[in-house]
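Down below is the structure, laid out as structure tokens.
Proteins get letters first, then strands, A, B, ... in listed order; numbering begins at 1 in each. Side-chain atoms are counted along with the backbone in the values below, which use heavy atoms only and exclude waters and symmetry mates.
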Amino acid sequence: MADRYEPASFEAKWRQRWSEADLFKTREEADRPKFYGLDFFPYPSGAGLSVGHCRNYVPTDVICRMKYMQGHNVLHPMGFDAFGLPAENEAIKRKRHPREMTAEYTATYRRQMDLIGISYDWSRSFASCDPDFMKWTEWIFELLYKRGLAYRRLASVNWDPIDKTVLADEEIIGGRAERSGAVVEKKFIPQWFFRITEYAQRLIDDLDTIAWPEGIKTQQRNWIGRSEGVQFTMRAVYMDEAQVRALKAAASTSSSAPAPSSDSGRLPELEELEREVRASHAAADVPASVSQKIAQLEGNLAKAAEKVNVTVPGGDAFESARAKIMMAGGLRPAERMPSFDVFTTRVDTVFGMTFCVLAPEHPLVETLLSMVPEDKKKAIREYQVQAKTLSAADRLVVTREKTGVFSGAYAINPVNEDLIPIWIADYVLTDYGTGAIMAVPAHDERDFEFAVKFGLEVKPVIKPTEEYLRKFTPPGEEFDYERELARYVAYPKQYDPVFVSKDSVCFNSGWINGLTFPEATKKVGEWMEGQGIGARKIQYKLRDWLISRQRYWGCPIPVLHREDGSMELVPEDKLPVLLPDVDNYEPGEDGQSPLAGIDFWVNTTDSQGRPAKRETDTMGGFADSSWYFLRFCDPHNQKQGWDPAKAAYWMPVDCYVGGAEHAVMHLLYARFWTKVLHDEGLVTVKEPFQRLENQGQVLALTPYRKPREGEKLDMGEEGILISFDEAKQLPEDQVLWRWARMSKSKGNVVTPEEAVEEYGADALRIYLLFVAPFNADVQWDNHGMEGGARFLSRVYKVVEDNRSAFDPAWASKIGTMEPDEATRKLRRATHQAIRNSTEHIDRFAFNTYISGLMIFVNTINDLVKSTQVIDAFRLALSEALSSLVLLLGPAAPHSSDELWSSLGGEGFSLHAPWPSFDAALAVEDTVTIAFQVNGKLRDTLDMPAASSKEDMEQAALASAKVQAFVSGQTVKKVIVVPGRLVNVVVG
RNA sequence: GCCCGGGUGGCGGAAUGGUAGACGCAGCGGACUUAAAAUCCGUUGGCCGCGAGGCCAUGCGGGUUCGAGUCCCGCCCCGGGUACCA
């Protein structure tokens, strides 16, 4: 060993030995607990790794190494998410094949990961573009297809009309194509989807079973976006102004709203069925089986109604309204009233509906066009065009004014026969709910804004709270609830923001007056169900997963299209469908994948030998990352994607580590596939990742300059990015130094090679662990690694300096020795260090794990300096040094092995058992007790840790400093917290 | 706007409701050295005081408590996510 800590002299040597000994090969021994530690599947970019990426890999390595030392079989694999647009684009740019390029980049990643000593089992590694892996990605696609979870339908893509190509979202900046600058259009082409919506509820429910950061769970819940409400039907009619006036006049004289139906609230078909059955039997003796049958039918019908998204038609809620409209001349006898559905979570406000809104693309709009006069028709058409061509950029504008057009038609509010104008506006989304809403401007911000802009009626139906009304009462005026309420009802448009609370009751609402939100929702919901015009329904924001990419560099979708337009799956024994090896993969016409132009690949035959064409869309990368963690369990299996027994052993991933930017997509898709595979019986777990941890980003100081005149800043940037060289040349006051994420494009990357070259791999690891809490962002400072190196050199020194005193057989002797004061202190420090290191690593508190080791080293040094190293102390010192070296192992494996062998240890420190601690030895025997008076610290005193409450109280009252604050006052109370403090309360 | 994080010394950060500032960085003083680097020792939240000591301090304002960085209510600021989801 050298005199000084010189990592360059031994780090490479140990990495060599680890590799020769195949040290990180996955151990699968019976009777050991398992631990599966995994990092997010990285995309190997040509830029290689920065120290920022290491922030992900080092902590996972620490916990895996500790688990290994604790006796677990540890699965700690690494693979590469090779498919995808960036690789394809770079390959096109460099005129190379992405497969070759990926192989090169992957090798770089591996070399860099090895350089910093990460304990990956490379024998299990693969890339998602490996045929062996693709085969099973395709196989899972087929499984989803067979289970009815994969389907094809028309969907929009981003279309660049200049380059005539499909763009990914990330290729669009501010509504324009990044490359051509063209305004991106929407184009509808058939694309593949996975029916993740079918799993929406399970994806919400099972979040409760996994240990993930709450923030990520919340994001997933919001993304899935469950809401409970009622979907109901409305009928539309066109009436001219004279007819509307006539109808209103008639309504004001009769003023009869429909009474809530008093029947059972069941579907009419069933009522009829039951009547028939009863008629054919003596009234009282309907067989139980028939009753059951009815109940069952009832359930089925209700379910069916829910499934097809259509409320059960029929009922006569509209009949009375219809008659009146006919009398007013708005309908001819037998004329149809087209219906449309709306979904609402606030059916309790249904009496406050003053207009309806259809999305511009809603199918009913077409029907309305045939009903309304020419001028309306023209206005609607114009609005539709306007909505369609609205660019993505315009849609992004935060405070976009509401736009819309009145269709000229009216709907009937089923609860009170009110005539409701139907508007068309793009603030209603086509693909959420039914694409149509009932608008209640009095209790919905968006409807309110629309009503104000277009002069529509606002009708309050939820009684506002006093607190709400007070906000609108002129200051100084005496508050009178009834008067304010009257004012509110008379001038509701002056009340902005609107009253949206659910903690109130209905008023001005016919037969639901006085009901609370849940009561009203239930009553109206049941009434609508009884009328056959609506049903309670659960709605999700989550959309089906669009898997199609019109791209070359992805896993093919194993589907054949026959000439008659039908489809079949590529037979299992013909998998995988590989990508054709071609030099050019130029985009196809009309938004087709580049593969569509490769005739020899596209044209094939189906299972019957008939001509067929291959599906030319490929799967997006999220398919690969949705199951790779299963392949790691059994990576060389040629017969299956994995052996279910092996997956049953290793799954779930015990600890999954990666950036929070994948909070939703990847993690949701992987959960979805796992559930499908679970349902198929291929994996035992319902959730793939038991515990999830997100590391913070590594930021580096990056130079920007202020924009010059006429220069525009990119979204979210505070200045114009400049190079480090440019920053040096500019006057200081013109350079803005900002913390920005390390990236090649910002020129602020520090590579692991540079860091290791200067300070050593272990110093880099220590710094990354120590600099900040694991999940916090780090402001990178090259200088900070010096601290890591300094600490390691102190460890090195304390071991070296005391090596001669080290007794390799300390463990067998230490139990019998007679400990003196210094020995007890040293053993206490050792056992505390073991306890803390273990706890902190388990908790992902790596910064305190390292600081605990620093404290331990300082304590050893202090004690050694003040103590004669003989006998008992020598054994305690041996224990301390041995423990220190092993506790250091997960964080600084090279140094640990170097010191371990220096102390005469066999083999590798990884093979030594993780030190265990004796709680009794870790306990302090003397503690400093705080004496407080009225909660303020006045004195401290060292006392035996086991001091009784009485002794502590006495000592506190005896303190002169305490007395100074107590004297002259009465002691009301004394709080004693054993081992902590005494608080004397006076007053 | 909404939903998540987060505001503690010059800096990164510690702190099961119980002595705020562990550990480290930087600074200052000292030792070693011809000198420097490296290393080691000491010191370092602010204010007042010669001192003993006292007062003030965890974004701001309230509250609960014997006791609040920690819990509750109301704000402010920063970072991330999301975008009219009826």
>> Let's go through A:His840 and A:Phe846 carefully: what are the C-alpha distance in whole Å and the side-chain angles of both, what is the deciding distance for ring pair (Phe, Tyr, Trp, His ring centres under 6.0 Å) to 0.1 Å, and is it a yes or a no?
In response: CA-CA 6 Å; A:His840 291 167; A:Phe846 302 104; 9.9 Å; no

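Remark: side-chain polar atoms of A:Ser407 are paired, donor with acceptor, to backbone N or O of A:Ile422 under 3.5 angstrom.
In this model, a side-chain donor or acceptor of A:Lys402 finds a partner on the base of B:C84 within 3.5 Å.
The phosphate of B:A26 (OP1 or OP2) has a side-chain N or O of A:His783 nearer than 4.0 angstrom. The side chain of A:Arg790 contributes an N or O atom lying less than 4.0 Å from OP1 or OP2 of B:A26. Checking the phosphate oxygens (OP1, OP2) of B:G67, no side-chain nitrogen or oxygen of A:Arg980 falls inside 4.0 Å. Remark: A:Arg794 is in phosphate contact with B:G24, judged by side-chain N or O atoms under 4.0 Å from OP1 or OP2.
Both A:Thr218 and A:Met438 lie near RNA chain B, and the one whose nearest nucleotide falls closer to the 5' end is A:Thr218. Nearest-nucleotide positions on RNA chain B for A:Gln779 and A:Asn934 put A:Gln779 closer to the 5' end.
Below 30°, between 30° and 60°, or above 60°: for A:Phe450 and A:Tyr427 the angle between ring planes is between 30° and 60°, a tilted geometry. Classified by interplanar angle (parallel below 30°, tilted 30° to 60°, perpendicular above 60°), the ring pair A:Phe454/A:Trp423 is tilted.
Nearest to the side chain of A:Asn847, among B:C3, B:G13, B:C23, sits B:G13. Among the nucleotides B:A26, B:A86, B:A20, the one closest to any side-chain atom of A:Leu429 is B:A86. Checking B:G13, B:U82, B:C23 against every side-chain atom of A:Ala772, the shortest atom distance belongs to B:G13. Of the listed nucleotides (B:C84, B:A15, B:G24), B:C84 has the atom at the smallest distance from the side chain of A:Asp426. The side chain of A:Phe343 sits closest to B:A86 out of B:A86, B:G67, B:A26. For A:Met854, the listed nucleotide lying nearest its side chain is B:C23; candidates were B:A26, B:G18, B:C23. In the set B:C84, B:G18, B:A86, the nucleotide with an atom closest to the side chain of A:Asn983 is B:G18. Comparing B:C84, B:A86, B:G12 against the side chain of A:Val771 picks out B:G12 as the nearest. Closest approach to the A:Ser227 side chain among B:G18, B:A86, B:A20 is made by B:A86 (side chain taken as heavy atoms from C-beta onward). In this structure, the nucleotide among B:U19, B:C25, B:A14 sitting nearest to the side chain of A:Ala930 is B:U19.
Secondary-structure annotation of RNA chain B gives the stems B:1-7 with B:76-82, B:10-12 with B:23-25, B:27-31 with B:39-43, B:45-48 with B:53-56, B:59-63 with B:71-75, with a stem taken as at least 3 successive Watson-Crick or G-U pairs whose two distances both fall under 3.5 Å.
Contact annotation for A:Thr940: base contact, defined as any heavy-atom pair under 4.0 Å involving a base atom.
One P atom belongs to B:C23, the other to B:U16, and the distance between them is 16 Å to the nearest Å. Between the C1' atoms of B:G18 and B:A37, the separation comes to 46 Å (whole Å). Distance check on atom P: B:G62 versus B:A68 gives 14 Å, rounded to whole Å. Taking atom C1' on both nucleotides, B:U8 is separated from B:A20 by 8 Å, rounded to a whole Å.
One side chain, A:Thr430 or A:Glu361, offers a donor N or O that lies under 3.5 Å from an acceptor on the other. Side-chain contact annotation: A:Tyr540 with A:Thr197, donor-acceptor N/O pair under 3.5 Å absent. A donor-acceptor pair shorter than 3.5 Å cannot be found between the side chains of A:Thr521 and A:Asp348.
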Any protein N or O atoms within reach of nucleotides 44-53 of chain B? Criterion: under 3.5 Å, listing atom names and distances.
residue : atom : partner  : partner atom : Å
B:G53   : OP1  : A:Lys961 : NZ           : 3.3

